[in-house]
**Student:** 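This is the structure, below, for whatever I ask next.
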Amino acid sequence: MLFSDIAILDEHFEVQTNRWVGVIDGRIEYIGAEAPSPAEAARYGEVYDGDEKLLVCGMYNAHAHAPMTLLRGYAENLPLQTWLNDRVFPFEAKISGEDAYWATMLACAEMLRYGTVSFSDMYYHSRERIRAVTECGMKMNSCEGLIAFEDKPYAEYPDCAVNEELVREFHGSADGRIRIDYNIHSEYLSTPTVAADIARIAKEKGLGIHVHVSETKSEHEECKERHGGLTPVRYFDSLGVFDVPVTAAHCVWVDEGDIDILAERGVFVAANPVSNMKLGSGFAPIVRMLERGVNVALGTDGVASNNNHDLYQDLYVFALTQKGASLDPTAVSPAVAMRAATRAGALSQGREDCGRIAIGAKADLAVLDASGPSWCPSTDYLNNLVFAGHGGDVCLTMVDGEVLYRDGEWKTIDVKRAKAEVEVRTRRIISSL
């Protein structure tokens with residue numbers, strides 16, 4: 001595809017107008033102020049009219065639980081532990097593999113609608129989740145959820161064998177769109193032995209770990225009580241978890257020493273501002289993290305605590321809440337927010353050639369319609385993108401050069417069936433509780 005005469009948000013998060021962008025063989029091959037020659041243009045196929053459009057990098061959701069689409073609107077107005085133990089865990093115990101498949105497919109449809117091209121997913125029924133993502137053409141870092149209460153070696157848990165099979169069969173599959181991470185749910189739902197074993201295996205395999213860290217004040221303080229004053233960050237660091245690439249979700253209650261460790265160890269923090277507010281967990285100290293050089297990415301979390309996969313909503317909240325929480329209107333600029341949602345998210349997934357509009361990068365792109373009233377006047381496209389635009393302005397989403405969503409049509413997903421399947425399966429589960 002050749003995007004013609006279109007505004008773009010370049011790899012430096014600066015807006016360039018009247019650009020031509022050529023995509024071929026899944027990558028960006030041409031970016032220029034002038035149209036390529038007719039012969040060159042013909043190689044790219046369709047010419048896409050860029051009038052009143054903005055081309056941006058697709059978004060990378062750094063923390064999600066896709067099958068929780070089944071729980072949308074079900075567990076509401078509850079603190080996290082009550083939400084988990086009384087509502088979520090009993091519901092999840094009833095979810096089958098096919099339930100997870102259809103819920104993931106619907107989640108993918110929603111993400112594509114709002115310009116997300118890839119997501120890091122922590123859940124169960126990994127084969128079915130991988131099947132859905134492979135079929136629809138998106139990208140995913142998948143990890144099989146593990147809850148461990150017995151202080152025995154990781155190898156003695158059935159999930160260990162499951163995860164090793166996933167690594168062998170699926171890591172790098174679907175032309176690299178599928179990647180497998182290891183999972184430690186959290187400090188409070190794991191043991192020191194299991195966490196240390198997973199860290200060692202992940203290091204041997206050269207793979208990353210996805211983990212929840214300091215999401216609530218009670219989680220943070222109870223960890224200190226259990227482990228001689230160690231916070232979750234210090235606890236995981238002492239077990240070697242941060243010896244490998246780690247995506248640490250939430251990090252709402254981290255302290256100054258924790259932030260230093262996160263920065264020194266190159267940990268990616270997946271901020272989830274909407275979920276954290278909805279569950280009353282608090283506001284992560286993102287400004288202090290950024291000042292210290294922590295890698296901050298952006299996630300939606302599951303729709304049971306969000307309640308949608310529109311990452312543009314999280315982008316808006318991410319920027320605004322940090323200004324308010326820090327009493328600094330200059331905190332988290334639009335460029336910093338967009339980096340968290342794109343390039344930082346891609347790097348957190350180990351996708352070095354993704355997350356930016358640059359020659360040679362993977363063509364993971366989204367087009368936004370900038371003709372609506374909320375985009376006028378177009379004094380600054382980037383400010384409008386973060387503070388005035390909406391996920392609903394996305395009119396095209398492309399992954400590895402393939403258009404998966406365009407103008408209300410999903411190219412690879414039967415959305416009507418996915419909605420029907422999720423509706424029926426959710427009602428079945430609720431009726432059985």
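Values in this document were obtained by computation on a predicted structure and should not be read as measured data.
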**Student:** Could you list the residues that satisfy ring pair (Phe, Tyr, Trp, His ring centres under 6.0 Å) with Tyr405, not counting sequence neighbours?
**Tutor:**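 Tyr405: ring pair (Phe, Tyr, Trp, His ring centres under 6.0 Å) contacts with Trp410.
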**Student:** Could you list the residues that satisfy salt bridge (charged side-chain N to carboxylate O under 4.0 Å, His left out) with Glu169, not counting sequence neighbours?
**Tutor:**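 Testing Glu169 for salt bridge (charged side-chain N to carboxylate O under 4.0 Å, His left out), a comparison that skips the adjacent residues, returns Arg127.
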**Student:** So Ile28 and Ile357, do their side chains get closer than 4.5 Å, heavy atoms only?
**Tutor:**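 Yes, at least one pair of side-chain atoms sits under 4.5 Å.
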**Student:** Under 3.5 Å, which donor-acceptor pairs do the side chains of residues 383-398 form with other protein atoms, sequence neighbours left out?
**Tutor:**
| from | atom 1 | to | atom 2 | distance (Å) |
| --- | --- | --- | --- | --- |
| Asn383 | ND2 | Asp380 | OD2 | 3.4 |
| Asn384 | ND2 | Trp375 | O | 3.0 |
| Asn384 | ND2 | Pro377 | O | 3.4 |
| His390 | NE2 | Ala388 | O | 3.3 |
| Asp393 | OD2 | Trp375 | NE1 | 2.9 |
| Asp393 | OD2 | His390 | N | 2.8 |
| Thr397 | OG1 | Leu112 | O | 2.7 |

**Student:** Can you list, pair by pair, the side-chain donor-acceptor contacts under 3.5 Å of residues 329-341, counting residues two or more places apart and other chains?
**Tutor:**
| from | atom 1 | to | atom 2 | distance (Å) |
| --- | --- | --- | --- | --- |
| Thr330 | OG1 | Asp328 | OD1 | 2.6 |
| Thr330 | OG1 | Asp328 | OD2 | 3.1 |
| Ser333 | OG | Val336 | N | 3.2 |

**Student:** Looking only at the side chains, is there a donor atom on one of Tyr114 and Gln313 sitting less than 3.5 Å from an acceptor on the other?
**Tutor:**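 No - no donor-acceptor pair under 3.5 Å links their side chains.
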**Student:** Can you name the residues that form a ring pair (Phe, Tyr, Trp, His ring centres under 6.0 Å) with Phe91, not counting sequence neighbours?
**Tutor:**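 Expected list: Tyr74.
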**Student:** Less than 6.0 Å separating the ring centroids of Tyr48 and Phe3?
**Tutor:**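 They qualify: ring centres under 6.0 Å apart.
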**Student:** Which residues pass the ring pair (Phe, Tyr, Trp, His ring centres under 6.0 Å) test with Tyr30, not counting sequence neighbours?
**Tutor:**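 By the ring pair (Phe, Tyr, Trp, His ring centres under 6.0 Å) rule, Tyr30 matches no residue at all.
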**Student:** Do any pairs count as a salt bridge (charged side-chain N to carboxylate O under 4.0 Å, His left out) and have a residue in residues 75-91, sequence neighbours left out, and if so which ones?
**Tutor:**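 As it turns out, the salt bridge (charged side-chain N to carboxylate O under 4.0 Å, His left out) pairs with a partner in residues 75-91, which skip direct neighbours, are Glu76-Lys278.
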**Student:** What pairs with Ser275 under side chain to side chain donor-acceptor pair (under 3.5 Å), at least two apart in sequence or on another chain?
**Tutor:**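 Result, side chain to side chain donor-acceptor pair (under 3.5 Å) vs Ser275: Asp301, Ser305.
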**Student:** Using a strict threshold of under 4.0 Å (side-chain N to carboxylate O), is an ion pair present between Arg27 and Asp353?
**Tutor:**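 Judged by the 4.0 Å cut-off on N to carboxylate O distance, Asp353 and Arg27 do form a salt bridge.
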**Student:** Counting only heavy atoms from other residues, nucleotides and ligands, does the tally under 6.0 Å from NZ of Lys205 exceed 12?
**Tutor:**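 Yes.
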**Student:** For the side chain of Arg179 and the backbone of Gln349, is there at least one donor-acceptor N/O pair under 3.5 Å apart?
**Tutor:**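 Yes, the answer is positive, given that a donor and an acceptor are paired below the 3.5 Å cut-off.
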**Student:** Salt bridge check, Arg43 against Glu40: does any charged N sit closer than 4.0 Å to a carboxylate O?
**Tutor:**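 Salt bridge: yes.
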**Student:** Can you see which heavy atom on Leu166 is nearest to which on Ile180, and at what distance?
**Tutor:**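 What the structure gives for the nearest pair is O-CG1, 3.6 Å.
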**Student:** By salt bridge (charged side-chain N to carboxylate O under 4.0 Å, His left out), which residues pair with Arg265, not counting sequence neighbours?
**Tutor:**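 Partners of Arg265 under the salt bridge (charged side-chain N to carboxylate O under 4.0 Å, His left out) test: Asp237, Asp243.
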**Student:** Search all heavy atoms of Tyr60 against all heavy atoms of Gly355 and return the closest pair with its distance.
**Tutor:**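 Smallest heavy-atom distance, with atoms named: OH-N, 3.2 Å.
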**Student:** Would a distance-only check, ignoring hydrogens and angles, find a side-chain to backbone donor-acceptor pair under 3.5 Å from Arg129 to Tyr101?
**Tutor:**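 No.
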**Student:** Could you state the interatomic distance from OG (Ser348) to CG (Asn61), rounded to the nearest 0.5 Å?
**Tutor:**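 Rounded to the nearest 0.5 Å, the OG-CG separation comes out at 9.5 Å.
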**Student:** Are Glu421 and Arg417 within salt-bridge range, i.e. N to O under 4.0 Å?
**Tutor:**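 A salt bridge links Glu421 with Arg417.
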**Student:** So, using ring pair (Phe, Tyr, Trp, His ring centres under 6.0 Å) as the criterion, who are the partners of His210 when residues are at least two apart?
**Tutor:**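 Ring pair (Phe, Tyr, Trp, His ring centres under 6.0 Å) check on His210 returns His63.
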**Student:** Check this for me: does any side-chain nitrogen of one of Glu409 and Arg113 sit under 4.0 Å from a carboxylate oxygen of the other?
**Tutor:**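 Salt bridge between Glu409 and Arg113, a charged N being under 4.0 Å from a carboxylate O: no.
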**Student:** Tell me, which pairs form a salt bridge (charged side-chain N to carboxylate O under 4.0 Å, His left out) where one or both residues lie in residues 61-72, sequence neighbours left out?
**Tutor:**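 Residue pairs passing salt bridge (charged side-chain N to carboxylate O under 4.0 Å, His left out), neighbours aside: Arg72-Glu110.
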**Student:** Scan side-chain atoms only and decide if Asn163 and Glu144 contain a donor-acceptor pair under the 3.5 Å cut-off.
**Tutor:**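 Note: Asn163 and Glu144 side chains miss the donor-acceptor criterion.
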**Student:** So, using side chain to side chain donor-acceptor pair (under 3.5 Å) as the criterion, who are the partners of Ser190 when residues are at least two apart?
**Tutor:**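 Applying side chain to side chain donor-acceptor pair (under 3.5 Å) to Ser190 gives none.
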